[in-house]
Structures are given as C-alpha cells and as structure tokens.
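Some notes on the structure that comes next.
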Amino acid sequence: MPRAMSIAQHLEEVRQRIAKAAHDASRDASSVKLLAVSKTFPASDVRAAFDAGQRAFGENYVQEGIAKIAELADLRGDIEWHFIGPLQSNKTKLVAEQFDWVHSIDRLKIAERLASQRPEGSRALNVCVQVNVSGEASKSGVEPEQAAALAHAVAALPGLRLRGLMAIPEPAGTLDAQRVPHARLRKLFDALRADGLDLDTLSMGMSADLEAAVLEGATMVRIGTAIFGARTYTH
Ligand SMILES: *Cc1c(COP(=O)(O)O)cnc(C)c1O
C-alpha cells in the first residue's frame, strides 16, 4: 500500500511533536528519547527509519522481533532493540540473547530467567518494570503498590540493569485526562529514586498521548502508528 508520506517524513513530524512538547514542558528535547515501535511492520520499514536516522526500535512479539533482528543483522551494531510486549517464561531465553532492553518486566520470575539466560560476557540487559497505572481496565503491569518491592528485587539481579518504569495507560480523550496516569508513574519513579535506586528511564507515551507523557517527565516515548502507519494485527 503506498504511503501518502514517507517514513522519513513521519519521523520528522514525530521529532517535531517531541520538540514542541519538551519546549512546552521547559525541558530539553534531547532528554526525550524516541523509540520507534516497528511491530507488524517489515524489516524494510525499519531500514527506512534507520536510513532517516532512527536507531532504537521496539518489538512486541518474540518470534517476529527475532526474525527482524536476523534480517537486519548488518545494522546490529548500530541498532538498539527493545522488547516491549508481554513476555512468557518459555520465551525469555531468546529475548535475553537477542535484545538490548526489556520494558515489560511485571513479575520477578521473568526477571530471574532473563538474568540467568543473559549470555556471559554480554552487556547487562537494560530493563524496566511495567506498572499498571490505569487500574482494573488494564491487565498488564505490576500493581503500583507492588512496584517498589519488584523494582528493588530486580535491581539486585546480576546480568540486568534496572533503568526505570514503563506504563501503557488506558486511552483518554483530553490532554488533562491523559496526564493523570503519566503523573502517577512519574510519582512512583521519583519515590524509587528518592529511595536510592539509580533510575534514568521513564518509558511512557505513545502516538496518541506523547505530549501528555512528555509534560509529565517521560524520558522515552514509544511511537508506532505515527511513524509506520496503522497496523493490521495478525497476532
Ligand atoms: C504498540 C505499542 C506502542 C506503540 O503504540 P502506537 O499507538 O502505535 O504509537 C507502544 N508501546 C507498546 C507497549 C506497544 O505495544
């Protein structure tokens, strides 16, 4: 299907949205990292984004991500691959071996498996604890009350480096409504740092709510649709 605008043009638009939101929040635009979420899109689209300067990519499904990493092996040294989807125990090994980051740690068992399966000699796997900041409506992520205990346990594991927190808030219609769950995650993040954890990553904000996320302190926004277009799910 032909695109009205190229991936490079979409990327530029997203960069401008981030820059404007950062400006509105009196933040430096360079304090917000863009993660391009390439799930369901082919390796050729990742390459097009790479050619337009994008270096960090997010994938949700293990097999699909591994296949893309293999297809783009020539870029491996320059790309950062982030796993951002739900992770089952029987899939942790491939993720520990192939990815640079995992954003979706929601229980200790998964973190322990990743820690023990991270290959000897490779750099620590960067991880975030995923928190359910939207209450009952959302199924993934640890409950906010349990986030601190999980974060401290994960931070103590070898082979992993706990970088921060991640959330996928429920969609909301207005900027003010979107800010509420992001502010909740930010508060948790600040509390963990005050408690001595060395965290630098607040992974929140997607195509529809990146402005709200940046206003509330996001350091990494995960953008799919606004870069690659609408997805047709086959999973
Ligand atoms: C799909 C996905 C995104 C990107 O969502 P868009 O609305 O397409 O920008 C971000 N984070 C996670 C965890 C996702 O699964």
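Only this structure's heavy atoms are used, side chains among them; waters, hydrogens and symmetry mates stay out. Order of listing sets the numbers, starting from 1, for every ligand and every atom in it.
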**Request:** With heavy atoms only and a cut-off of under 4.0 Å, state how Arg231 meets ligand 1: side chain, backbone, both or neither.
**Result:** side chain

**Asked** Relative to Phe41, does Arg231 satisfy both conditions: NZ or CZ under 6.0 angstrom from the six-membered ring centre, and within 45 degrees of the ring's axis?
**Response** no

**Prompt:** Is the closest N or O pair between Gly224 and ligand 1 shorter than 3.5 Å?
**Reply:** yes

**Message:** Considering non-hydrogen atoms of the protein only, which is the closest contact for atom 12 (C) of ligand 1, and what is the distance?
**Reply:** Ile84 CD1, 3.5 Å

**Message:** Salt bridge check, Asp51 against Arg47: does any charged N sit closer than 4.0 Å to a carboxylate O?
**Reply:** no

**Message:** Under a 3.5 Å threshold, yes or no: a donor from one side chain and an acceptor from the other, between Arg163 and Asn126?
**Reply:** yes

**Message:** Does the plane of the ring in His82 sit parallel, tilted or perpendicular to the ring in Trp101? Use 30° and 60° as the thresholds.
**Reply:** parallel

**Message:** How far is atom 11 (N) of ligand 1 from the closest protein heavy atom, and which atom is that?
**Reply:** Arg222 NE, 2.8 Å

**Request:** Please write down residue, atom name and distance for the protein heavy atom closest to atom 10 (C) of ligand 1.
**Result:** Met206 SD, 3.2 Å

**Request:** Inspect the surroundings of CG in Asp198 and state if more than 12 heavy atoms from other residues, nucleotides or ligands are less than 6.0 Å away.
**Result:** no

**Request:** List the closest protein heavy-atom neighbour of atom 2 (C) of ligand 1: residue, atom name, distance to the nearest 0.1 Å.
**Result:** Lys39 NZ, 2.5 Å

**Asked** Any idea which protein heavy atom is nearest atom 9 (O) of ligand 1, and the distance to it?
**Response** Ser207 OG, 2.5 Å

**Prompt:** Under a 4.0 Å N-O cut-off, is there an ion pair linking Glu112 with Lys109?
**Reply:** no

**Item:** Salt-bridge present (Lys68, Glu59; N to O < 4.0 Å)
**Value:** yes

**Atoms in ligand 1 with a heavy atom of Ile223 nearer than 4.0 Å** = 9 (O)

**Request:** Check each heavy atom of Thr225 against ligand 1 and say whether those closer than 4.0 Å belong to the side chain, the backbone, both or neither.
**Result:** both

